[in-house]
Engineer: 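Sharing a structure with you now.
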Protein chains: 4
Amino acid sequence: MESTGPQGNPDRPHTGRRRNEATHQAILDAALRLLGESGGANITIDAIARAAGVGKQTVYRWWPSKGAVLLEALTERSLREVPMPDSGSLRDDLLAVVESTFLSTQRNPTGPALRSLVREAARDPHLAELLRTFTAQRRTAVRELLARGLKRGDLPAGADLDLMVDQFYGVFWYRFLLGHAPLDKQSAERLTDSILRAE
Amino acid sequence: MESTGPQGNPDRPHTGRRRNEATHQAILDAALRLLGESGGANITIDAIARAAGVGKQTVYRWWPSKGAVLLEALTERSLREVPMPDSGSLRDDLLAVVESTFLSTQRNPTGPALRSLVREAARDPHLAELLRTFTAQRRTAVRELLARGLKRGDLPAGADLDLMVDQFYGVFWYRFLLGHAPLDKQSAERLTDSILRAE
Amino acid sequence: MESTGPQGNPDRPHTGRRRNEATHQAILDAALRLLGESGGANITIDAIARAAGVGKQTVYRWWPSKGAVLLEALTERSLREVPMPDSGSLRDDLLAVVESTFLSTQRNPTGPALRSLVREAARDPHLAELLRTFTAQRRTAVRELLARGLKRGDLPAGADLDLMVDQFYGVFWYRFLLGHAPLDKQSAERLTDSILRAE
Amino acid sequence: MESTGPQGNPDRPHTGRRRNEATHQAILDAALRLLGESGGANITIDAIARAAGVGKQTVYRWWPSKGAVLLEALTERSLREVPMPDSGSLRDDLLAVVESTFLSTQRNPTGPALRSLVREAARDPHLAELLRTFTAQRRTAVRELLARGLKRGDLPAGADLDLMVDQFYGVFWYRFLLGHAPLDKQSAERLTDSILRAE
DNA sequence: ATTTAATCGAGACGGTACGTCATGTCTTCGG
DNA sequence: CCGAAGACATGACGTACCGTCTCGATTAAAT
């Protein structure tokens, strides 16, 4: 999720000019802005570099692929917004996650940017892998939320937590990417109750 | 879903050489083969044409976009395999659909080809639209299956059929594309029961 | 000296769209214009293509290197102007060649273009080879001019024709590229007489 | 021709570390080695710095351009070898210069290095100017050699000394750079006699 | 049988983006 | 201050595909 540029030889402290953090941020800012603005259009490295007032090489130096830039841009800024609550009530916790996940896509630039990100991942194996890691983290977090509920007895003993997690994220992504059904408060509530009722 | 080439002037019966069906099939064959073989690599129109021993223009003459070729190739061959049964038992019907959908991805070249198709759809708006239509048809079919169950009283009156459909296809695509969980008989059964229990 | 694009299989007459001659000429025109205008600045393939209203690939399709374009542009247009006369008088013939060679560099865009060409040849081995061939042809032509004089008895029997040729072209290029001495009518006459007197 | 780095404030004796002569030499050595070894390939500042075990900035601190390094490298080592004799015999003197000039190109790394130098000069205006100055010095030296002969009456009164000089260096560079004729003892003698005979 | 027109394989064309390379300037740190 | 290491903005490079277009040859219905 983080830019992973050149690693100096650990034996030698470091030599040469250090990474310019302002440049780093300018690139992420530009990437996020373009992700949000691009109405489906492709985002080119050239465009990011130009928008950031940066040379292309500087982008390539620090990120292995265009997708890695986009993903870091998104996670740094927009995807922090999903909390992982622990209120004591399973339904409240799950609903909070589902609802904030659903509603985060309504905001700019998160929604369009996320869509662009998935589009990029489709042709960038590197980004695909990063995205896989990112979603796995989310699944794990929700699974733990459910596990707490199971421990408290809010779920039947044999509940298939993985399936519950996938029902949440499956419906989310399916609807988000196809856009055939809304991702609003009401549908969040319905989905939450459906998942809890199923087990 | 079908190739929709030039339409002659309806006032005039027809003149000129007719479409070569062998060529048509050769293109679809080549497209499907490449879809299945491409381990993530991009599929170019050039490559399809060359593999089919055909000029690029011949492809463009009959399909509006690369994606249309790929989608027709897939639907002609591989995606026929999902039945829409009507046995009288809601669970049996739904399970049959879920199971055949899950298992169809285990076969070659359906699985890899479907993955490639989605990848292509991510950057081809035309194909994305076709894929949206295709998935809508599937959703409608499954919804009708559920509606029959509702009518028979196998589901509670207020059941949210659309959500049930999306839980099925959401989980399916989510797992299919990320590959973090199996799509086998057992998971089909669990998903089916979970969906039916939820309402 | 000529663009040597793809050669079709000689067994097969030809297939596919033919080379667009207008495009061909547009590229040569643009190249010559840029050669003449560039006051020492580098000429890029991009610039030639843009000036010709042509895609870069079209340039690369027909010429193996940037230099080949430039050389063909020059030879097609400017370097034709040096005649190889045969008047019966050795001095008249040689003087005509020396003078027209000297004066051709005073014209636009020949002079600047020729200088740019040599500059490009210094870093483009391909062009260097082409230039070597071009100069060899010129040397051969002048050598034959001198050989005719030798046959007529206008030169002593043991005259070193190759040295005479090199004295001409050596002085020409040396002065042309360094620019420390003029290349005018008077210096042409002096050089001619000096060469003839030497043998 | 000499490295002309920062000039300390003359009011103050000197402060800080002095220029490291070993580094200076290492850069010149590396430059000369690369000049000789590069079979036509470009020489980059990076390459010189790396070969000398030196930072790029150290090179830029002491020389205004890549060409200046190369020229200093060559003049420090290889180009000293051409003497400007004064034996009293015009032919002997001129022959000595011509011969030593010709033969110096047979040695390593002088020949290849000189060729590389000219190649670099073609795209480095700075080096081109330095080279112009260098060649002008050579021309002046030879011209003075000839002027002595003229004074002694070894040449006719109206002899065009500049032309004679250019015939020497013109033939030399022309043959050296094109490589179509040898630069050996015999051709040195022929050229010398031809030049002297011409006036 | 001739005309007419659409098909076919082949491939040239104007574009856009790619990822790499070299340039010359700048910054950082240890000596 | 000096020297190494290396980040930085710039801009050209040659390649890959895109979707359109043009070619000559082929094929088949309409005349």
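Just so it is clear, the values below take in all heavy atoms, side chains as well, and ignore hydrogens, waters and symmetry mates. In what follows, chains are A, B, ... by sequence order, proteins preceding strands, each numbered from 1.
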Engineer: Can you tell which of A:R18, A:R19, A:H24 makes a side-chain hydrogen bond (donor to acceptor under 3.5 Å, both in side chains) with A:E21?
Structural biologist: A:H24

Engineer: Start at the 5' end of DNA chain F and walk down; is the nucleotide closest to A:G53 or to C:A47 reached first?
Structural biologist: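 Looking at the nearest nucleotide for each, A:G53 comes out on the 5' side.
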
Engineer: Between C:G55 and B:G55, which is nearer to the 5' end of DNA chain E once each is assigned its nearest nucleotide?
Structural biologist: B:G55

Engineer: Say you draw a straight line from CG of D:L114 to CG of D:L70; how long is it, rounded to the nearest 0.5 Å?
Structural biologist: 11.5 Å

Engineer: Can you identify which nucleotide, out of E:dC8, E:dG24, F:dC18, has its nearest atom closest to the B:I45 side chain?
Structural biologist: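 Nearest listed nucleotide: F:dC18.
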
Engineer: Measure the distance from CZ on C:R50 to P on E:dT16 and round it to the nearest whole Å.
Structural biologist: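 Rounding to the nearest Å, CZ of C:R50 and P of E:dT16 are 11 Å apart.
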
Engineer: In whole angstroms, how far is the P atom of E:dA22 from the CZ atom of A:R61?
Structural biologist: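 Value for this atom pair: 14 Å.
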
Engineer: Round to a whole Å and report the spacing from CH2 of C:W62 to P of E:dG11.
Structural biologist: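 Going from C:W62 (CH2) to E:dG11 (P), I get 11 Å.
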
Engineer: Measure from the side chain of C:T58, starting at C-beta and using heavy atoms only, and say which of F:dC18, E:dG14, E:dA10 lies closest.
Structural biologist: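 Taking heavy atoms from C-beta onward, the closest nucleotide is E:dG14.
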
Engineer: Rounded to whole angstroms, how far apart are CD on A:Q57 and C1' on E:dG24?
Structural biologist: 15 Å

Engineer: May I have the distance from B:W63 (atom CH2) to F:dT20 (atom P), rounded to whole angstrom?
Structural biologist: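 Interatomic distance, CH2 of B:W63 to P of F:dT20: 16 Å.
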
Engineer: Determine the minimum heavy-atom distance between A:A30 and A:A51, stating which atoms define it.
Structural biologist: CB-CB, 3.8 Å

Engineer: So which one's nearest nucleotide on DNA chain F is more toward 5', B:K66 or C:K66?
Structural biologist: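 The residue mapped nearer the 5' terminus is C:K66.
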
Engineer: Can you figure out which of E:dC18, F:dG19, F:dA29 approaches the side chain of B:R18 most closely?
Structural biologist: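 My answer, after comparing the listed nucleotides, is F:dA29.
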
Engineer: Is C:R17 side chain donor-acceptor paired with the E:dC13 base, going by distance under 3.5 Å alone?
Structural biologist: no

Engineer: Could you give the CG-to-P distance, from A:D46 to E:dG19, as a whole number of Å?
Structural biologist: 10 Å

Engineer: Is a donor-acceptor contact shorter than 3.5 angstrom present between the side chain of C:K56 and the base of E:dG14?
Structural biologist: no

Engineer: Taking B:K66 for its side chain and B:Y60 for its backbone only, find out whether a donor-acceptor pair lies under 3.5 Å.
Structural biologist: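 No; zero donor-acceptor contacts below 3.5 Å.
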
Engineer: Quick one: C:Y60 OH to F:dC17 P, roughly how many Å, whole number?
Structural biologist: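 After rounding, the reported distance stands at 17 Å.
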
Engineer: Provide, to the nearest angstrom, the distance between the CD1 atom belonging to D:I48 and the C1' atom belonging to E:dG24.
Structural biologist: 14 Å

Engineer: Rounded to the nearest 0.5 Å, what separates atom OG1 in C:T58 from atom CD1 in C:I48?
Structural biologist: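 These two atoms lie 13.0 Å from each other.
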
